[in-house]
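Data first, discussion second: the structure below is written as structure tokens.
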Protein chains: 2
Amino acid sequence: MNLSTSALEERRPSLQAYATAQRERTPYALSIAAMLRLVQEHLPIQRRIVHADDVIYQAGQRCTHLYIANSGFFKLMNGAADGREQVVALHFKGDWLGFDGLATGQYCCDAIAMDIGEVWSVRYATLVERCTEVPALMNLLHAAMSQEMARDRDFQLNLCTLPADARVAEFLRSLVVALERRDLRTDRITLRMSRAEIGSYLGMTLESASRALSRLAREQVIRFAGSGRREVQIPDVKALSDFVQRSVSPSSERH
Amino acid sequence: MNLSTSALEERRPSLQAYATAQRERTPYALSIAAMLRLVQEHLPIQRRIVHADDVIYQAGQRCTHLYIANSGFFKLMNGAADGREQVVALHFKGDWLGFDGLATGQYCCDAIAMDIGEVWSVRYATLVERCTEVPALMNLLHAAMSQEMARDRDFQLNLCTLPADARVAEFLRSLVVALERRDLRTDRITLRMSRAEIGSYLGMTLESASRALSRLAREQVIRFAGSGRREVQIPDVKALSDFVQRSVSPSSERH
DNA sequence: CGAAAAGTTGACGTATGTCAAATATCGTGG
DNA sequence: CCACGATATTTGACATACGTCAACTTTTCG
């Protein structure tokens, strides 16, 4: 709806506040490297090398451990009893996996590796114990959970308010940001996801995802590199943000 | 996409696992009442009576406290810098508010009351301190965060895979479940949200929300009661689930 | 090298957004 | 308590973004 006349606007705080809050949604004070170091120092971890399609945990399995991605690229799949299924989150170095299982004692998603990587696992019971001794550890844990929630909220907003093309653009933009924060290459990005997975994650069909990417390439916002169409170059991240903005402004900000 | 031929299916775990995981997504062992009791026992809380449209916290504000809904009905609004805005979550008795602020130290949503209610607030610093002394408290806290994440994941799946009518039906169904769990009336439900808010939450326009409700009423799945169209009766919750199912099965389970 | 999988693209249909008008409801001041 | 303006809701007609289906091309992998 056009917000300037909407009931939803009534209590809207200044956009300034949002801009501030959204500028950088990173756990304050702690870099990813520092976080990993802290975990290593205070917790007995078990390391595991994983390959694409390896399962970290599965829905229904008892949640005794939490996992931390030390490297690699992971997806979370959520499924309904009736067969509907979706990629609901992506995770990178420094992200925790398994939070979804703490409440019920069973994971409710599948966590799956999309690339070679290393996963650390920590017994939740041990983690709790150490948290009582090391407050910094508890803060870190809470920050990680909080960050995930905040991200999900932003993602949900994008899902619901951006047209398909802009959703893909925003997806790529946030991917660049995520990689930058981890000091990984961003000049040439290898999408580790199929079009079907991108579409699933972004709430559209694989065809729509494919068309959106083609359109972004046609408009020079991205470029395909190498063989296959999974290597993407992003000459200018701002061009991506601008593309998203253009999708938002011209039409009223409906829905 | 039709999952039976999709690449997404490859590593799909048994639907059984999902069904189990989704059956009841409640923090294990602890009822809402018990949770509130535990909080009261171990934490210095400040109580506040709120009315519809009262602000619990705002995006950008420093996150020093967490809040717990003791009664009432709350919405979380998320907004982007460009003006896009959405109701991203609803909260009831026993739910915690403010987790989104822990990571950055600033809330990134607005939490707003939609009805008269009571909110408890707890200094986060105090909470952390007590958590180190009372493990049950820490477990409770983690369970609350975990539950919220798990809920959000299910919600996201519904947003992305259900048609508008089914989304509204599912919304009402989950509302009934939430009220039941809190021993609140479910024979006659007063929606405390405008059509615009329902639409915003469910990723559709207010007109679509209105039409969906009209359609559900026409098909006898719900009934409007009292004056206004904000009072809804749900003679049979199963009829709602069935309605959702009908929307999923006939067409292939695309997207 | 050949078959299978992934990706692209076009034509077409439809769910849902958009715009607008009519009606119902609510809140306020007399 | 009533009347009236403001707000919320409903409903219709129409437009369109995106899903659907299908053919074709490219890439991958054994």
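Within every chain, numbering begins at 1; the chains are lettered A, B, ... in the order of the sequence lines, protein sequences first and strands thereafter.
Computed from coordinates, the Asp53(A) CG to dA5(C) P distance equals 14 Å when rounded to whole Å. In this structure, Arg195(B) places its CZ atom 19 Å from P of dT23(C), rounding to the nearest Å. When rounded to the nearest whole Å, the span between CE of Met114(A) and P of dA6(C) equals 12 Å. In this structure, Asp165(B) places its CG atom 14 Å from C1' of dG17(C), rounding to the nearest Å. Per the geometry, CG belonging to Leu191(B) stands 13 Å off P belonging to dC26(C), to the nearest Å. Atom CD1 in Ile222(B) sits about 13 Å away from atom P in dT9(D), given to the nearest Å. Spacing between atom CD of Glu207(A) and atom C1' of dC24(D) amounts to 14 Å, rounded to whole angstrom units. Atoms CD (Glu197(B)) and P (dT7(D)) sit 15 Å apart, rounded to a whole Å.
Residue Arg211(A) places no side-chain atom within donor-acceptor reach of the base of dG7(C), judged by atom type and a 3.5 Å distance cut-off alone.
A close approach under 4.0 Å does occur between a side-chain nitrogen or oxygen of Ser210(B) and OP1 or OP2 of dT10(D). Under 4.0 angstrom from either OP1 or OP2 of dG17(C) there lies at least one side-chain N or O belonging to Thr205(B). OP1 or OP2 of dA24(C) has not a single side-chain nitrogen or oxygen of Arg229(B) nearer than 4.0 Å. At the phosphate of dG19(D), OP1 or OP2 sits under 4.0 Å from a side-chain N or O atom of Ser208(A). Under 4.0 angstrom from either OP1 or OP2 of dT7(D) there lies no side-chain N or O belonging to Ser194(B).
Contacts of Arg230(B) with the nucleic acid, taken as non-hydrogen atoms under 4.0 Å apart, involve only primed sugar atoms and P, OP1 or OP2.
Comparing Ala164(A) and Phe224(B) along DNA chain D, the residue whose closest nucleotide (by nearest heavy atom) sits nearer the 5' end is Phe224(B). Residue Pro163(A) is the one, among Gly228(A) and Pro163(A), whose nearest nucleotide of DNA chain D lies closer to the 5' end (criterion: closest heavy atom).
When the options Gln156(A), Gln86(A), Met204(A) are evaluated for a side-chain contact (heavy atoms from CB on, under 4.5 Å) with Cys160(B), the one that passes is Gln86(A).
For the pair Arg195(B) and Arg229(B), the minimum side-chain heavy-atom distance is below 4.5 Å. Residues Leu90(A) and Tyr201(A) form a side-chain contact, since some pair of their non-hydrogen atoms from C-beta on lies under 4.5 Å apart.
For the residue pair Leu157(A) and Ala80(B), the shortest heavy atom distance occurs at CD2-N, 3.6 Å.
If you check dC26(C), dT10(D), dA22(D) against the side chain of Ser227(B), the one that comes closest is dC26(C).
With hydrogens and angles left out, the side-chain atoms of Asp95(B) and Tyr67(B) include no donor and acceptor closer than 3.5 Å.
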